[in-house]
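Naming: A, B, ... by sequence-line order, numbering from 1 per chain. Hydrogens, waters and symmetry mates play no part in the numbers below; they use all other heavy atoms, side chains included.
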Amino acid sequence: MTSDLHKPGAALAAGTSADPWATPPADPDGETYYLNMGPQHPSMHGVLRLLLELRGEEIVKCEPIIGYAHRAHEKMAENRNYMMFLPNTSRVDYLSGMIYNIAYCQAVEKMLAIEVPERAEHIRVIVCELNRVSSHLLWFGTFLLDLGGITPFLYSFDDREQILSILDRVTGSRLTYCYGRFGGVTEDVDKKFLDETTAFLARLRGRMAEYHALVTDNVIFRSRCEGVGVIDRETAIEYGVTGPTLRAAGVPYDVRRAEPYGIYDRFEFDIPTASGADNLARYYVRVAEMEQSMRIIEQAIAKIPDGPIMPEKALKRFKPDVGEHYFAVESARGQFGIYIVSDGSDVPFRIKLRTPSFSNLACMPDVLRGTMVADTIAILGSIDIVLPEVDR
Amino acid sequence: MLKTLSDLVPNVFLAMLLAAAAIMAFATVNALFLVWLERKVSARMQRRYGPTVVGPFGMFQTLVDVVKLLSKQLISPKDIDKPLYHLAPIVVFVPVVLGLSLFPIDKSFALVDTNVGLVLVFAFAGMGFIAIFMAGWGSNNKYALLGAMRAVAQNIAYEIPLILAALAVTMIARSMRIADIVEAQGSFPYILVQPIGALIYYISAVAETNRAPFDIPEAESELVAGFHTEYSGMRFALFFLAEYTNMVIVSMVATSLFLGGYKGPLLPGPVWFFGKVYFLIFVMLWLRWTFPRLRFDQLMTFAWKVLIPLALANLLVTATVLKVMS
Amino acid sequence: MSADTSLVAPGAEKKRGYLALLVAGFFTLLSGMWVTLKNLFRKPVTLRYPRERPELSTAFRSAIDLVDFEELGSHDCVACMQCVNICPSFCIQVEGQKYDGVKRKRATKFLVDYALCSVCGLCIDVCPTETLKYSKIYDEVSFERDAFVFDLLEPFVEREEAFLEGQRIADAKEAEEKKKKAEAAKKAKAAVAAKKKADGGEEAEKAEKPKAEKPKAAKPKAEAPKAEAPKAEAPRADEPKAEAEAEAPKAEADAPKAEADAPKADEPKAGKVDKAAVEAKPAEPKPKAAFAKPDSDAKAASLARIEAAKKRALEKKKQAEQQAEGEGE
Ligand code: SF4
Ligand code: SF4
């Protein structure tokens, strides 16, 4: 992603500022000007900085500048054993922490060929899908907030809060879970948990009707979304965009179907797609996905067997064989991949996280060109990026 | 017979002083109340509690907030256009205060009574945008400038349907004196005669006050806080005060033009008048807490392609009907 | 348009005229307003936090804390450093010390920096004596970082002396009992040893005697002399032996036995003796595999073990007392 918008050091050389990343001087012709959006901006998602070159309110060029939330998770992984990396995973993407946490466990299990008990597998599916719904609900709220609608945000947070409470009952945390262990999960679920989950699904279905009346059908909402921020099929595939953003461009790719992991091959669910590739299509796909997640949860609750939640012989300290392993799951934002290089010691040689938000964000300069400033945040919001996940 | 303050108080200067004091007091108390109302209504719509601590139902919360705002440091950013920047909060407030004085709140009382009352109200309202532009330009901030540009464009666009809708009413009432218009609405308010006009007026009025879903100039999710991004403390409070008083003014106009002003059975005039005004304000709050925001170009399209043609058509039909009937 | 419209896929909507769209759009706005109006009259769902406090879930995780075992009258941290080593946030500091007459090490310093803790629970999983748990604090506030460095030993300091005293007595009795058993074992050895070796010591789980013998039988000669030597002096007698054994199975295997006689304390330890004797001895050096069981199961199981051990400990105690009286000093 090269851009002539700014070159590191250019401003320094010009003597305008000591900061090599400072905003470049304004266009000498006076046609365009620069606007620095973020990292401090009330509705910027996380600490993203967008350097916008504007003509009036129209965006001529855009460059996302990332790295403000870099916490060196991958480097941390190289300095501690496999077990000690567990809590890091859910901090990579704090909105679907459960999916990431479980994904890391599954990656290590795949590496060591550990069998996971049936019950644990079912629990994992339930909590992961709950987490996906909660992430989508939060997205729903913040997306509306980006469009200026504040009330739907609080409604969806109310629903999301229910999920957090349900997950809190088993995991003990509300956001950054550390629930998975190599071979299973830490805590068994009880009947009350399953009942609460079922009750919540019924409640959410009822609330969906309200959301549709308040938001989906709303003419203002539709006019803000239709035809805005089109990420077409080709662009999406070129940039490696995944998740709902890709499916909204009409590509029915979902890791849960394409390369089933865990026990996802046993569940019936559809992959919602849309053809518009715009904000509305992404909205549609996410809302439909919540419904599919609810279907999966229902099936998992119906099928969950009794039994242990950890294998008989638990892992304590282990040294995997020398080798490389890649494992991918479908997070709420797209394909989350974990690439582990083992040098035969109990400390990973390298763990590379392929985070979906990073690739999804990468297409922003292309997509934002020619749109209005007012749509910038809306388009960003519709892609659903989580900045700490981009920066890791 | 309608009495004004100058009828009651012989000394002109004393009357002016009294009027100014009364209006300032009303504007302040009203803003305090409205902010509280807005917070409470929005909270309950979002299933929260809203302010509950200070005073009954948290009513004095805004009072406490004002104390906080008063005690805040006034920050002036670097490289501002000093006269414009400092004048803007005052300029935004003055026309609002003037506009408030023109409405008859009862059959027999208005602070000021002129035969061009309606024109004056719209003239004062138009002055507010100059202040907004001053603020945006003077702040040396790109967001503020963008907000100010939007505000000016928006207000020019929406003033036209606003006035066109009001014009239809003056044609029926054959007067621009607000008291006369109210009186002309015999037993039924003009909203029954002019439903489209009333709707157009109300929508334009919401846009005039820069309220959601038309709050483009201060669109938080794009422009941080729009034209008042760089204002803090009491300067910011003045903008705030002007916004809420503006809401009252446009609602007062709507009440006088379309809802029969102070008229109503049983209860005394002022109760009806303020009841109607605050109902209209409540609807504004309701709108704000329900809808997402329009985009700037959509807003302009809506004004130029929907509201103005409709208002013109409305005016034409009204004129034709009046001509035929006479 | 109405409240129950399902989601229409983008593009599925048919084209309508200008005015029709306007009117339809207007009605969608009204339906939205109806939703907010309905909610205006519903009960708020938020919690008025400082006045109302949330009910914490049973699994709620917060800073770690030491379990106060009722049976021990104190915590049971043996300063094995496993939690310190596993903690990914490096926020635990433990120091331990050996006391005269007490077999196992005892933590003398246990600091947790909650500001760093990521409530991952790895330390709790790994603790061999299960003496760690989550506390329930959730609204601790401070302006200083150090305020979150919790000294977990603080509530135990006053009781430490009493605990050590009790432990010394218990260990002394245990030592004597052991010595006796060792003697008994010696006598029985000639008869049993042959059989033992044939069985491989695997299914030796029967009554108390074979169990008690087993460790001795496994490495008898090295210990027997040692056990004999300190016969006269009870309190200090354990030390060398404890050390000798601590090297191999990390003190767990025999330390519990030592406590089995503590006046009111012995239960869980005695339980572990059984467990260790039954399953862990031959292969696993550590008595409790970190992930062997889910927490809830483990809790239930340990409760059962505690119950069983209480009875056994009482019997043992009586026996020991009788024997001690019989022998005198
Ligand atoms: S919960 Fe995790 S981070 Fe906290 S003290 Fe234990 S091991 Fe360390
Ligand atoms: S693992 Fe348990 S016994 Fe070992 S030092 Fe930590 S708390 Fe103490």
Side-chain angles (χ1 to χ4, degrees), chain A residues 23 26 33-38 40-45 50 52 54 56-58 141-159 161 207 210 213-216 218-228 279 283 371-381, chain B residues 38-39 41-50 136 140-154 203 206-207 210-226 228-229 285-302 305-306:
Chain A
T23 314
Y33 62 100
Y34 289 98
L35 183 65
N36 225 339
M37 226 181 200
Q40 291 119 343
H41 186 283
S43 52
M44 185 53 77
H45 290 245
L50 287 179
L52 303 173
L54 299 173
E57 291 223 4
E58 187 197 329
T142 50
F143 180 50
L144 261 291
L145 205 57
D146 292 340
L147 296 177
I150 300 165
T151 304
F153 171 74
L154 281 130
Y155 292 169
S156 75
F157 259 59
D158 178 18
D159 283 334
E161 201 62 19
R207 294 276 290 207
E210 225 167 64
L214 183 61
V215 176
T216 314
N218 189 301
V219 67
I220 301 179
F221 171 76
R222 288 203 164 234
S223 60
R224 281 301 303 272
C225 289
E226 243 158 346
V228 174
N279 282 2
Y283 173 88
T371 61
M372 311 275 286
V373 173
D375 280 333
T376 312
I377 299 281
I379 296 172
L380 257 183
Chain B
E38 170 132 46
R39 289 172 68 173
V41 166
S42 67
R44 297 310 288 245
M45 275 182 178
Q46 298 165 350
R47 313 201 52 190
R48 300 182 281 118
Y49 284 97
N140 184 30
N141 178 314
K142 285 169 187 165
Y143 290 116
L145 183 62
L146 276 175
M149 303 291 277
R150 287 175 172 195
V152 172
Q154 173 181 352
I203 294 174
V206 175
N210 298 336
R211 299 271 310 171
F214 305 105
D215 58 343
I216 318 285
E218 39 200 293
E220 181 186 295
S221 49
E222 303 136 26
L223 299 185
V224 188
H228 58 68
T229 305
L285 305 184
W286 187 6
L287 291 176
R288 170 166 183 193
W289 296 104
T290 305
F291 298 132
R293 180 184 305 119
L294 280 162
R295 200 173 59 215
F296 181 55
D297 56 328
Q298 291 166 343
L299 183 88
M300 299 306 274
T301 314
F302 186 61
K305 290 194 181 163
V306 179

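Counting non-hydrogen atoms of neighbouring residues, nucleotides and ligands closer than 6.0 angstrom, the CE atom of B:Met149 reaches no more than 12 such neighbours.
Side-chain contact between A:Ile220 and B:Gln298 is absent, with no heavy atoms from C-beta onward closer than 4.5 Å. Residues B:Tyr143 and A:Met37 are in side-chain contact: their nearest non-hydrogen atoms beyond the backbone lie under 4.5 Å apart. Between A:Asn279 and A:Arg224 the shortest side-chain heavy-atom distance does not fall below 4.5 Å.
In this structure, no portion of A:Val215 lies under 4.5 Å from any heavy atom of chain B. With a threshold of 4.5 angstrom between heavy atoms, A:Tyr155 approaches chain B through side-chain atoms but not through N, CA, C or O. Using a 4.5 Å cut-off between heavy atoms, A:Thr376 does not touch chain B at all.
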